[in-house]
Amino acid sequence: FLALTTISAKATEKAYIKEMEKELKGLEETTGKENWIKKANAFGKISEDYKEEWLPMYYQSYTFLQAGMEEQDLKKADLHYDSALLYIKKAEALEKSNSEISTLKSWILSMKISVDPMTRGYEFGMLSNQLLSEAMIQDPSNPRPNFLQGITALYTPEEFGGSKTVAKKLLNESIEK
């Protein structure tokens, strides 16, 4: 029984890895909101098949974020960001205190701000910054929180703490990491 259970677990693990590798292949070349949504659905199927794994939900969230960023209609983009937020929260429920999850969640909130800066800027901005600070504590060697902070500083008005000088410092820290 133990041997059969071990063999079954290894076969399941191999199948999971194979499915993830298939969907991750070419992800960097993906363009167009329809293709991002196809990828999101593919990662969604993997997350249904492997409910204990957080990584498919992370990538499902990431692909919905990308679909939103390619959407011209802000209301539709916001719906994609809502989907991204839903799946990153599910990933977070499985994998606590993960720098990558905190960083992606921060990025999603930043994009939600871009849909309606006047009403969302303060609340989501503070939460986004808090998540990036947490991400840096969770994994000080991760360059992505610094990168996202740098990009945010570049597009944040000086009266709210942004500037090219601050952005350059943060982006250089990201490069160093």
Side-chain angles (χ1 to χ4, degrees), residues 15-96 98-132 134-135 138-139 142-156 162 167 171 174:
Y16 165 71
I17 291 170
K18 186 176 179 180
E19 288 181 48
M20 285 297 292
E21 285 176 343
K22 176 186 170 211
E23 293 308 324
L24 289 169
K25 187 175 185 177
L27 190 66
E28 292 176 0
E29 289 83 31
T30 303
T31 59
K33 64 185 173 207
E34 294 83 11
N35 291 326
W36 285 113
I37 292 170
K38 284 180 188 176
K39 282 288 191 186
N41 291 334
F43 284 114
K45 181 176 177 342
I46 297 170
S47 73
E48 287 174 19
D49 293 343
Y50 304 95
K51 293 179 181 359
E52 71 286 352
E53 300 290 344
W54 66 273
L55 207 51
M57 289 176 227
Y58 171 90
Y59 278 105
Q60 189 174 16
S61 177
Y62 174 79
T63 51
F64 273 121
L65 171 65
Q66 294 298 324
M69 290 171 61
E70 293 208 21
E71 177 61 64
Q72 298 299 311
D73 181 327
L74 289 179
K75 288 183 182 181
K76 289 180 182 177
D78 204 29
L79 292 175
H80 293 309
Y81 300 145
D82 287 341
S83 293
L85 205 50
L86 171 73
Y87 292 108
I88 201 63
K89 286 178 180 178
K90 287 183 176 189
E92 187 176 39
L94 292 175
E95 182 75 13
K96 305 278 188 223
N98 182 300
S99 180
E100 294 296 339
I101 290 174
S102 297
T103 301
L104 184 57
K105 192 173 179 184
S106 172
W107 188 5
I108 296 164
L109 291 174
S110 294
M111 294 312 299
K112 285 191 68 64
I113 292 170
S114 72
V115 172
D116 186 359
M118 295 307 289
T119 35
R120 297 178 177 177
Y122 181 74
E123 177 189 356
F124 288 172
M126 287 181 51
L127 185 52
S128 179
N129 287 334
Q130 178 185 345
L131 285 164
L132 288 177
E134 288 173 14
Q138 292 161 345
D139 182 0
N142 185 352
R144 282 169 284 288
N146 292 90
F147 176 78
L148 194 54
Q149 275 188 327
I151 296 299
T152 301
L154 186 61
Y155 293 103
T156 301
L171 291 171
S174 177

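Within the model, atoms NE2 of His80 and CG of Leu65 stand 11.0 Å from one another, a figure rounded to the nearest 0.5 Å. Rounded to the nearest 0.5 Å, atoms CG (Leu148) and OG (Ser174) are 9.5 Å apart. Taking OG1 from Thr30 and CG from Leu24, the interatomic distance works out to 10.0 Å, rounded to the nearest 0.5 Å. Note that CZ of Phe64 is 13.0 Å distant from CD1 of Ile88, once rounded to the nearest 0.5 Å. Note that OG of Ser47 is 7.0 Å distant from OH of Tyr87, once rounded to the nearest 0.5 Å.
Looking at Glu71 and Lys33, a side-chain N of the basic residue comes within less than 4.0 Å of a carboxylate O on the acidic one, giving a salt bridge.
Using a 4.5 Å cut-off on side-chain heavy atoms (C-beta onward), Asn35 and Thr63 make no contact. Inter-residue side-chain proximity for Leu127 and Tyr122 is flagged as unmet; no heavy-atom pair is nearer than 4.5 Å. Using a 4.5 Å cut-off on side-chain heavy atoms (C-beta onward), Thr103 and Phe147 make no contact. Side-chain contact between Val115 and Arg120 is present, with heavy atoms from C-beta onward closer than 4.5 Å.
Residues passing the side-chain hydrogen bond (donor to acceptor under 3.5 Å, both in side chains) test with Asn129: none are found, sequence neighbours excluded. With sequence neighbours excluded, no residue satisfies salt bridge (charged side-chain N to carboxylate O under 4.0 Å, His left out) with Glu134. Scored by the side-chain hydrogen bond (donor to acceptor under 3.5 Å, both in side chains) test, Thr31 finds no partners at all (sequence neighbours excluded). Partners of Ser99 according to the side-chain hydrogen bond (donor to acceptor under 3.5 Å, both in side chains) rule, which considers only residues two or more places apart in sequence or in another chain, are Asn142. Partners of Ser128 under the side-chain hydrogen bond (donor to acceptor under 3.5 Å, both in side chains) rule, at least two apart in sequence or in another chain, are Ser106, Ser110. Considering only residues two or more places apart in sequence or on other chains, Glu92 meets the salt bridge (charged side-chain N to carboxylate O under 4.0 Å, His left out) condition with Lys105. Looking at residues two or more places apart in sequence or on another chain, you find a salt bridge (charged side-chain N to carboxylate O under 4.0 Å, His left out) between Lys112 and Asp78, Asp82. A search for ring pair (Phe, Tyr, Trp, His ring centres under 6.0 Å) contacts involving Tyr81 returns nothing, not counting sequence neighbours.
Pairs engaging residues 143-156 under the salt bridge (Lys or Arg N to Asp or Glu O under 4.0 Å) rule: Glu100-Arg144 [sequence neighbours left out]. Here side chain to side chain donor-acceptor pair (under 3.5 Å) pairs that include residues 145-154, with residues two or more places apart or in two chains, are Asn146-Glu173, Asn146-Lys177. Identified under the salt bridge (Lys or Arg N to Asp or Glu O under 4.0 Å) test for residues 50-67, with sequence neighbours left out: none.
The closest donor-acceptor contact from the side chain of Ser102 to the backbone of Leu132 lies at 3.5 Å or more, if one exists at all.
Residues Glu19 and Tyr50 bring a donor and an acceptor atom of their side chains to less than 3.5 Å of each other.
Counting heavy-atom neighbours within 6.0 Å of Phe124 CZ, excluding the residue itself, gives a total above 12.
The heavy-atom pair separating Ile101 from Glu95 by the smallest distance is CD1-O, 3.7 Å. Minimum interatomic distance between Gly68 and Ala77 (heavy atoms only, all atoms of both residues): O-CB, 3.4 Å.
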Stepwise, does the side chain to side chain contact (heavy atoms under 4.5 Å, CB included) test hold for Leu27 with Tyr62?
CA-CA 11 Å; Leu27 190 66; Tyr62 174 79; 4.2 Å; yes
Please assess Trp107 against Leu131 for the test side chain to side chain contact (heavy atoms under 4.5 Å, CB included), listing each intermediate value before the final yes or no.
CA-CA 9 Å; Trp107 188 5; Leu131 285 164; over 6 Å; no
Walk me through whether Ile108 and Ser61 qualify under side chain to side chain contact (heavy atoms under 4.5 Å, CB included).
CA-CA 9 Å; Ile108 296 164; Ser61 177; 3.3 Å; yes
With a cut-off of 3.5 Å and sequence neighbours excluded, list every side-chain donor-acceptor pair involving residues 36-46.
unit_1 : atom_1 : unit_2 : atom_2 : d
Trp36  : NE1    : Glu70  : OE2    : 3.1
Lys39  : NZ     : Glu23  : O      : 2.5
Lys39  : NZ     : Glu23  : OE1    : 3.4
Asn41  : ND2    : Ile37  : O      : 3.3
Lys45  : NZ     : Asp49  : OD2    : 2.9

